[in-house]
Amino acid sequence: MSGTFTPAPGGARFARKVLAQAGMEFRLMLRNGEQLLLAIVIPVVVLVATVVGSRKLGVSLEGRAVDLFTPGVLALAVLSTAFTSVAVATGFERRYGVLKRLGTSPLSRTGLLLGKVLALLAVQLVQFTVIGAVATWLGWRPHWHPGVIALAAFGTAAFASWGLLVAGVLRAEATLAVANLVFLLLMAAGGVVLPTSTYGGFGTVATWLPSGALGDGLRAAFIDGQFTWSRLLILAAWTLIGAVLTARTFTWE
Amino acid sequence: MRYGDKVAVDHLSLQIPRGVIAAVLGRNGVGKTTTLETCEGYRRPQQGTVRVLGLDPVAQHHDLTPHIGVMLQEGGAWGGVRATEMLTHLARLHAHPLPVDLLVDRLSLGECGRTPYRRLSGGQKQRLSLAMALIGRPELLFVDEPTAGMDVAARHTTWDLLRELREDGATVVLTTHYLDEAEALADEVHIIDAGRLVASGSPSELGALAATSIRLVGKQPLTALPEFTAVRVDAVDERTAVFTGEGVTMGLLAAIVSWCEEQEVTPETLTFGQRDLEEVFLSLTGSGDDAVGGAA
């Protein structure tokens, strides 16, 4: 038999499947207006507004505004993509049966997860490039410490594990609401853009949040060239809790 | 299979040989989708065994998935993905996929190829979903209500496509609640009701299940129908009875007529003859609208 539909089953090579999935998710994220707003527009607006605003208002800072605020804006970018975008996208994938359909494709769950991680990292690369370019244009002169890579990686892992947890437990609409609310709350009070030391009493709590640990960690590294292990450990602990809870509660449909 | 204390599929036992089109026929909510999803590895049966192509669909899920094509009843694609883009993506997950253009052409997806999934019509979504099931050249295809929401032309295209698949050596398992679909398409039909298999056979075998029958519809309720030897009486509703079995003869017809006379029941219709699949289906599954199974 050699008809059009003569069976020739088989899965593609693992790397090819993962790359296909990552490419697909990356394109869909860049095509989605709301996600772009969250991933690129809001962080850039926050950066320009804080730098230009503090210049115009003549706020006295212990250093140049662009150096003080850029690390926090990078942390905000990680928060927006790794937590909010991941939660919202996964919530709707579950709602619309995408996860279910991919569940009977040759792409394994590991492949799907890896594809998501790669897509996430690719989006972050775009974010960091854009934010870095705007900051450089505003006169950013950072210190470079290799620890920022580890901080960004663990920050991404921590937020993504909690994003998946929310998407796995709540309905898609509730996920959308919660993911955006948490984003706003952490942006305002989680030690992301502003150092936790500026919050007074709540600052102590904020240092233990993944947002505070990432924000303060990136600030210490980029502003003073310092690296503190405790912040990395806080992020690792949030990742572990998030991943364990996600593994226990996540459903594919 | 249970959902909470509802038994959705109960002691269902059936075997489907390779190279056929098998239809799982039943009303809405009798356990057709649950049966299919158990074969696809989405659900683990609480009791019993399921083997698909010799594999355990849950434990050996990863070995099974490259061999099967799945058409879900709804959804399965991102809202923002374009129709052809979705097909291309699934093609990349397979080793020897069909050309995307071929499926686009065969299922008339060309005009909506660049339309995001969320803006496709119901029928277009169905056709894309079928294309998604075929793209990996599966040897076994599970299609859940394949023609629901399709217009007549698309329905016949789909039937022709599924027949061609069978001719090319694939096996097709489909669920449907359309009798004409099962009758026109399937080599074997499995009728399920309340999670149980009530009959299996080819459409003509099922039609011949009780080759001749008498159907009586009275103007008054048929109370106190007598017992007849070698005859099965199905009360479809209080005014309708269907008599089947070896004892269906002209003599029985005469006996029914005289019973009607005695009871002062005026027949509205009284027919004697072959039953079609629909009548077999109704007599096997009852006509009540009770949905999923009984309590555990």
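Numbered from 1 within each chain, the chains take letters A, B, ... in sequence-line order.
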Measure distances from B/Leu165 to the heavy atoms of chain A and classify the residue's part below 4.5 Å as side chain, backbone, both or neither.
both
Within a strict 4.5 Å, meaning less than it, do heavy atoms of the A/Pro9 and B/Glu139 side chains meet?
yes
Between B/Glu85, B/Arg106, B/Met132, which residue shows the highest count of heavy-atom pairs closer than 4.5 Å to chain A?
B/Glu85
By a 4.5 Å heavy-atom criterion (distance strictly below it), what part of B/Ala77 contacts chain A: side chain, backbone, both, or neither?
backbone
Taking side chain as everything from C-beta outward and backbone as N, CA, C, O, which of these in B/Leu140 sits under 4.5 Å from a heavy atom of chain A? Side chain, backbone, both or neither.
neither
Toward chain A, the part of B/Ile135 with a non-hydrogen atom under 4.5 Å
neither
Look at atom CZ of B/Arg119 and say whether more than 12 heavy atoms of other residues, nucleotides or ligands are closer to it than 6.0 Å.
no
Identify which part of A/Arg27 has an atom lying under 4.5 Å from any heavy atom of chain B, answering side chain, backbone, both or neither.
side chain
Between B/Gly80, B/Ala133, B/Ala95, B/Gly41, the one whose heavy-atom pairs under 4.5 Å with chain A are most numerous
B/Ala95
Side chains of B/Trp78 and A/Glu93 in contact at under 4.5 Å (non-hydrogen atoms):
yes
Say you draw a straight line from OG of A/Ser105 to CZ of B/Arg92; how long is it, rounded to the nearest 0.5 Å?
14.0 Å
N-O pairing of A/Lys100 and B/Glu37 below 4.0 Å
yes
Could you tell me the separation between the CG atom of B/Leu161 and the CZ atom of A/Phe5, rounded to the nearest 0.5 Å?
4.0 Å
Tell me if the CD atom of B/Glu164 is crowded by more than 12 foreign heavy atoms within 6.0 Å.
yes
Is B/His67 in contact with chain A via its backbone, its side chain, both, or neither, using a 4.5 Å heavy-atom distance?
both
Note: A/Ala20 and B/Leu93 closest approach over all heavy atoms is CB-CD2, 4.4 Å
Does some side-chain heavy atom of A/Thr104 sit less than 4.5 Å from a side-chain heavy atom of B/Tyr42?
yes
Check whether any side-chain heavy atom of B/His94 lies under 4.5 Å from a side-chain heavy atom of A/Lys17, and answer yes or no.
no
Which atom pair, heavy atoms only, marks the closest approach of A/Gly11 to B/Pro66?
N-CB, 3.6 Å
Can you say whether B/Leu102 sits under 4.5 Å from chain A via the side chain, the backbone, both, or neither, judging by heavy atoms?
side chain
With a 4.5 Å heavy-atom cut-off, do B/Leu90 and A/Arg101 have their side chains touching?
yes
So, do A/Met24 and B/Val81 sit near enough that their side-chain heavy atoms are less than 4.5 Å apart?
yes
I need the residue from A/Leu19, A/Val18, A/Val98, A/Leu99 with the largest number of non-hydrogen atom pairs under 4.5 Å to chain B.
A/Val98
Would you indicate whether the side-chain heavy atoms of A/Arg31 and B/Arg82 approach each other to under 4.5 Å?
yes
OH-CD distance between A/Tyr96 and B/Glu74, expressed to the nearest 0.5 angstrom:
10.5 Å
B/His61 NE2: over 12 foreign heavy atoms closer than 6.0 Å:
yes
Highest number of heavy-atom pairs under 4.5 Å with chain B among A/Thr4, A/Leu107, A/Asn32 belongs to A/Thr4
